[in-house]
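Worksheet: one structure, shown below.
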Amino acid sequence: QLQLAESGGGLVQPGGSLRLSCAASGFTLDYYTIGWFRQAPGKEREGVSCISSSGGNTYYADSVKGRFTISRDNAKNMVYLQMNSLKPEDTATYYCATQLITTPQTMCVRSLVAYWGQGTQVTVSS
């Protein structure tokens, strides 16, 4: 069974940091583009950051550029999202996702996704 499991969400004050993790089971991530998406109440789903299968190419939404960093460890079948300088507008449910053979920009902008994780809640509030 192909599964993605996110962890690392929680409550943090503005300006703080969180590191989200996504573990894949039932398949290897070696050949997949991977992305992080988020959705807040009343807002459209947004592609936050996506990374190529090799890790050599990345995409970041303008809203998080310079603050978030995506990375992957294919040997561990894991992907991460380091989130720094968090703002209240970053509050959302965050999902990791995979898609076979596509560019990070295409995956994030078009929400081109084959498999979704269950999501983890991130709340940024004082």
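Keep in mind it's a predicted model, so treat the numbers as computed, not measured.
To the nearest 0.5 Å, atom OG1 of residue Thr103 and atom CD1 of residue Ile51 are 13.0 Å apart. The distance from atom CG of Leu20 to atom OG of Ser49, rounded to the nearest 0.5 Å, is 11.0 Å. To the nearest 0.5 Å, the span separating OG on Ser53 from CD on Gln99 amounts to 12.0 Å. Taking OG1 of Thr28 as the reference point, atom CG of Leu2 lies at 11.0 Å (rounded to 0.5 Å). Within the model, atoms CZ of Arg72 and CG of Asn77 stand 9.0 Å from one another, a figure rounded to the nearest 0.5 Å. Within the model, atoms CG of Asn57 and OG1 of Thr33 stand 9.5 Å from one another, a figure rounded to the nearest 0.5 Å.
When each of Tyr94, Trp116, Tyr95 is checked for a ring-ring contact (aromatic ring centres under 6.0 Å, His included) with Phe37, only Trp116 meets the rule.
Residues Met107 and Tyr115 fall into different hydrophobic clusters, defined by Ile, Leu, Val, Met, Phe, Trp and Tyr side chains chained together at heavy-atom separations under 4.5 Å. Cluster annotation: Val79 and Val64 are assigned to the same hydrophobic cluster (Ile/Leu/Val/Met/Phe/Trp/Tyr, side-chain heavy-atom contacts under 4.5 Å, transitive). Val113 and Leu29 are members of different hydrophobic clusters when ILVMFWY side chains are connected at heavy-atom separations under 4.5 Å.
Residues Tyr59 and Gly47 share a closest heavy-atom pair of CE2-O, 4.0 Å. Across every non-hydrogen atom of Ser85 and Arg67, the tightest pair is O-NH1, 3.0 Å. When every heavy atom of Ser52 is checked against every heavy atom of Pro104, the shortest pair comes out as N-CG, 3.5 Å.
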task = Determine, stepwise, if the pair Glu6 / Gln118 fulfils side chain to side chain contact (heavy atoms under 4.5 Å, CB included).
result = CA-CA 7 Å; Glu6 302 98 329; Gln118 82 285 356; 2.7 Å; yes

task = Please assess Leu81 against Phe68 for the test side chain to side chain contact (heavy atoms under 4.5 Å, CB included), listing each intermediate value before the final yes or no.
result = CA-CA 7 Å; Leu81 185 68; Phe68 291 10; 4.1 Å; yes

key: Derivation and outcome, side chain to side chain contact (heavy atoms under 4.5 Å, CB included), residues Cys108 and Tyr60   = CA-CA 8 Å; Cys108 264; Tyr60 294 94; over 6 Å; no

query = What do the steps show when you test Leu18 against Val122 for side chain to side chain contact (heavy atoms under 4.5 Å, CB included), and what is the final call?
reply = CA-CA 9 Å; Leu18 285 173; Val122 172; 3.9 Å; yes

Worked check of side-chain hydrogen bond (donor to acceptor under 3.5 Å, both in side chains) between Glu46 and Ser63 = CA-CA 10 Å; Glu46 178 184 24; Ser63 58; 2.9 Å; yes

request  = Please lay out, stage by stage, how Asp90 and Lys87 fare under the test salt bridge (charged side-chain N to carboxylate O under 4.0 Å, His left out).
outcome  = CA-CA 5 Å; Asp90 294 318; Lys87 305 174 181 180; over 6 Å; no

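Contact check for Pro88 versus Ser125: no side-chain heavy atoms found under the 4.5 Å cut-off. Residues Ser21 and Met78 meet the side-chain proximity criterion, which asks for heavy atoms closer than 4.5 Å. Proximity of Ile70 to Tyr80: side-chain heavy atoms (C-beta onward) are nowhere separated by under 4.5 Å.
Other residues, nucleotides and ligands contribute more than 12 heavy atoms inside 6.0 Å of the CG atom of Leu100.
Residues Gln121 and Thr93 bring a donor and an acceptor atom of their side chains to less than 3.5 Å of each other. With 3.5 Å as the limit, one finds no donor-acceptor pair spanning the side chains of Ser17 and Gln82.
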